[in-house]
Amino acid sequence: MSDLRQSVDCATALPRGVEWGTLVLILACYGLWLLVLFLLPGLGLGLSVLCLGGLAALHSSLSHEALHGHPFRRPGWNEALLFLPLSLFIPYGRFRDTHLAHHRDDRLTDPYDDPESNFQDPEVWARMPGWRRLLLRTNNTLLGRVLLGPLVGQICFMIGDWRLMRGQGRDVERQAVLRDWGLHGLGLGVVITITLASPTPLWVLFLGGYIGLALLKIRTFLEHRAHAECHSRTVVVEDRGPLAWLFLHNNLHIVHHMHPGVPWHALPRLYRENRDLFLSMNQGYHYKSYGQVFLRYLLRSKDPVPHPLWSSED
């Protein structure tokens with residue numbers, strides 16, 4: 001795997017200083033959010049919901065860039081820049097810590113060690129009640145993931161963090177979770193205060209936040225598959241449309257996992273110049289567009305819920 005990484009020359013794609021384009025995009029996201037809150041309700045609350053949803057998804061994509069070291073090299077500056085949680089539901093610090101843990105490629109899709117895995121331990125699956133199996137099977141279709149996925153994911157995430165806060169983990173981990181939720185509460189308080197001062201009702205803000213999470217579920221739906229080779233678990237969706245921009249080209253997911261320090265705007269060129277090599281890395285796990293993904297998986301599961309290659313003896 002290291003040989004494959006070294007075969008791609010990404011030196012020119014790595015940032016050397018402040019990424020001004022990313023910084024401007026973050027500031028523009030906040031500016032557009034304020035414009036939507038204060039100016040758009042007069043044109044229709046439905047339009048406000050859709051715009052807030054798109055901006056929530058974009059803010060989450062920008063948070064992803066920040067935790068990987070963009071636009072500043074100092075993590076504290078990036079954290080301060082993304083302090084206001086326009087995506088509402090996930091604390092930046094928790095997103096940072098769980099996502100960086102997800103980047104242990106040798107554990108990708110593991111039901112326990114990959115925080116972003118949607119697979120279940122087959123033994124746990126066998127003991128699940130029927131209603132929960134039905135829910136998770138529905139959540140494994142693209143339509144189910146978009147409609148139910150934000151709620152299912154949020155509940156599971158908060159249950160896990162509640163257990164950590166109750167002491168089911170190391171003290172340092174418990175303190176980090178408490179701190180991150182405390183900071184999130186402060187930021188969310190600012191977001192709600194600004195919204196209350198605008199013509200936008202709070203329900204519009206929160207429905208927009210849910211739609212933002214739903215949009216992100218389109219990206220994460222098939223990012224990783226169960227495969228014996230870790231670098232063959234990660235997808236490429238060769239989409240160039242609005243969703244690819246909203247996801248900041250993270251649809252080229254194998255490129256990001258192989259070179260997580262490369263900023264969003266450099267991913268398409270890096271992929272284009274090394275396409276055959278990346279597709280050999282992931283053994284051809286790719287789709288031409290999100291349209292193809294929708295046509296194939298809108299009402300059909302791509303994967304089983306129980307991990308097909310995992311056992312409790314691993």
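A cation-pi arrangement is absent between Arg233 and Tyr285, since the terminal nitrogen or guanidinium carbon is not both under 6.0 Å from the aromatic centre and inside a 45° cone about the axis.
Here the NE2 atom belonging to His102 is positioned 5.5 Å from the CG atom belonging to Asp114, to the nearest 0.5 angstrom. Here CG of Leu81 is found 9.0 Å from CG of Leu62. Values are rounded to the nearest 0.5 Å. Note that the OG atom of Ser63 and the CZ atom of Phe83 stand 12.5 Å from one another [nearest 0.5 Å]. In this structure, OG1 on Thr138 lies 10.5 Å from CG on Leu147, to the nearest 0.5 angstrom. Atom CZ of Phe157 is separated from atom CD1 of Ile90 by 4.5 Å, given to the nearest 0.5 angstrom. Atom-to-atom distance recorded for Leu248:CG and Thr22:OG1 is 8.0 Å, nearest 0.5 angstrom.
Between the side chain of His259 and the main chain of Gly261, no donor-acceptor pair closer than 3.5 Å is present. Under the 3.5 Å distance criterion, the side-chain polar atoms of Ser117 are matched with a main-chain donor or acceptor of Thr109. Under the 3.5 Å distance criterion, the side-chain polar atoms of Ser60 are left unmatched by any main-chain donor or acceptor of Ala57. Judged purely by atom type and a 3.5 angstrom limit, Arg145 has no side-chain atom pairing as donor or acceptor with the backbone of Pro150. In this structure a side-chain-to-backbone donor-acceptor pair under 3.5 Å is present from Asn282 to Thr234. Here the side chain of Asp239 pairs a donor or acceptor atom with the backbone of Tyr290 at under 3.5 angstrom. With hydrogens and angles ignored, the 3.5 Å screen pairs no side-chain donor or acceptor of Glu19 with any backbone N or O of Phe72. Proximity of a side-chain donor or acceptor of Asn78 to a complementary backbone N or O of Arg73 within less than 3.5 Å is not detected. Asn139 contributes no side-chain N or O that, together with a main-chain N or O of Leu135, makes up a donor-acceptor pair within less than 3.5 Å. Remark: the backbone N or O of Gly144 is paired with a side-chain donor or acceptor of Thr141 at under 3.5 angstrom.
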For this session: Please step through side chain to side chain contact (heavy atoms under 4.5 Å, CB included) for the pair Thr195 and Ser198, ending with a clear verdict.
Result: CA-CA 5 Å; Thr195 305; Ser198 77; 4.3 Å; yes
Problem set entry | Chi angles and distances behind the side chain to side chain contact (heavy atoms under 4.5 Å, CB included) call for Trp264, Asn250 | CA-CA 7 Å; Trp264 65 276; Asn250 206 18; over 6 Å; no
For this session: Could you check Ser280 against Leu277 for side chain to side chain contact (heavy atoms under 4.5 Å, CB included), going step by step and ending with a plain yes or no?
Result: CA-CA 5 Å; Ser280 71; Leu277 185 56; 3.8 Å; yes
For this session: Verify ring pair (Phe, Tyr, Trp, His ring centres under 6.0 Å) between His256 and His103, making sure each step is shown before the conclusion.
Result: CA-CA 10 Å; His256 169 65; His103 268 268; 4.7 Å; yes
For this session: For Tyr271 and His249, run ring pair (Phe, Tyr, Trp, His ring centres under 6.0 Å): C-alpha distance rounded to whole Å, both residues' side-chain angles, the deciding distance at 0.1 Å, then the answer.
Result: CA-CA 10 Å; Tyr271 176 71; His249 304 306; over 10 Å; no
Exercise. Is there a side chain to side chain contact (heavy atoms under 4.5 Å, CB included) between Met281 and Met258 once you walk through the steps?
Worked result: CA-CA 9 Å; Met281 290 179 187; Met258 301 301 290; 3.6 Å; yes
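Salt-bridge check for Arg74 with Glu79: failed, with every basic side-chain N at 4.0 Å or more from each acidic carboxylate O.
Grouping the Ile, Leu, Val, Met, Phe, Trp and Tyr side chains by contacts below 4.5 angstrom, directly or via other members, places Leu222 apart from Leu108. With hydrophobic clusters built from ILVMFWY side chains whose heavy atoms lie under 4.5 angstrom apart, Trp162 shares a cluster with Val177. Under the 4.5 Å side-chain heavy-atom criterion for grouping Ile, Leu, Val, Met, Phe, Trp and Tyr, Leu35 is connected to Leu84 within one hydrophobic cluster. Put simply, Leu151 and Ile211 are part of two different groups of oily side chains (I, L, V, M, F, W, Y) that touch within less than 4.5 Å, one to the next. Leu299 is connected to Val293 through a chain of hydrophobic side-chain contacts under 4.5 Å among Ile, Leu, Val, Met, Phe, Trp and Tyr, so both are in one cluster.
Aromatic ring centres of His59 and Tyr30 lie closer together than 6.0 Å. In summary, the aromatic rings of Tyr287 and Phe294 are positioned with their centroids too far apart to meet the 6.0 Å limit.
Within the 4.5 Å cutoff, the side chain of Leu100 has heavy atoms near those of the Leu67 side chain. Residues Asn251 and Val236 have side chains not in contact (no heavy-atom distance under 4.5 Å, counting atoms from C-beta outward). Side-chain contact between Arg225 and Ser232 is present, with heavy atoms from C-beta onward closer than 4.5 Å. Between Met128 and Leu136 the shortest side-chain heavy-atom distance falls below 4.5 Å. Glu65 is listed as a side-chain neighbour of Pro263, based on a closest heavy-atom distance under 4.5 Å. Using a 4.5 Å cut-off on side-chain heavy atoms (C-beta onward), Ser61 and Leu246 make no contact. Proximity of Phe221 to Tyr297: side-chain heavy atoms (C-beta onward) are separated by under 4.5 Å at one or more points. Proximity of Asp121 to Trp125: side-chain heavy atoms (C-beta onward) are nowhere separated by under 4.5 Å.
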Name every donor-acceptor pair, under 3.5 Å, that has one atom in a side chain of residues 45-54 and the other anywhere in the protein, sequence neighbours excluded.
residue: Ser48; atom: OG; partner: Gly44; partner atom: O; Å: 3.4

Show me the donor-acceptor pairs, under 3.5 Å and distance only, between side chains in residues 178-191 and residues at least two apart or in other chains.
residue: Trp181; atom: NE1; partner: Asp161; partner atom: OD2; Å: 2.8
residue: His184; atom: NE2; partner: Leu88; partner atom: O; Å: 2.8

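Side-chain contact, Asp110 with Trp310: a donor N or O sits under 3.5 Å from an acceptor N or O. Side-chain atoms of Glu116 and His99 form a donor-acceptor pair, as typed in the model, at a separation below 3.5 Å. For the 3.5 Å distance criterion, the side chains of Asp105 and His257 qualify, holding a donor opposite an acceptor.
The shortest heavy-atom contact between Phe89 and Leu213 is CD1-CD1, 3.4 Å. Ile218 approaches Phe247 most closely through the heavy-atom pair CB-CZ, 4.3 Å. Closest non-hydrogen pair, Lys288 versus Gln292, comes out as N-OE1, 2.7 Å. Taking all atoms of both residues into account, the shortest heavy-atom contact from Pro308 to Phe119 is CD-CE2, 3.8 Å. The two residues Ala56 and Ser87 come nearest to each other via the heavy atoms O-CB, 3.7 Å. Between Val237 and Leu252 the shortest heavy-atom distance is O-CD2, 3.9 Å.
In this structure, Arg240 places its CZ atom where only 12 or fewer heavy-atom neighbours from other residues, nucleotides or ligands lie under 6.0 Å away.
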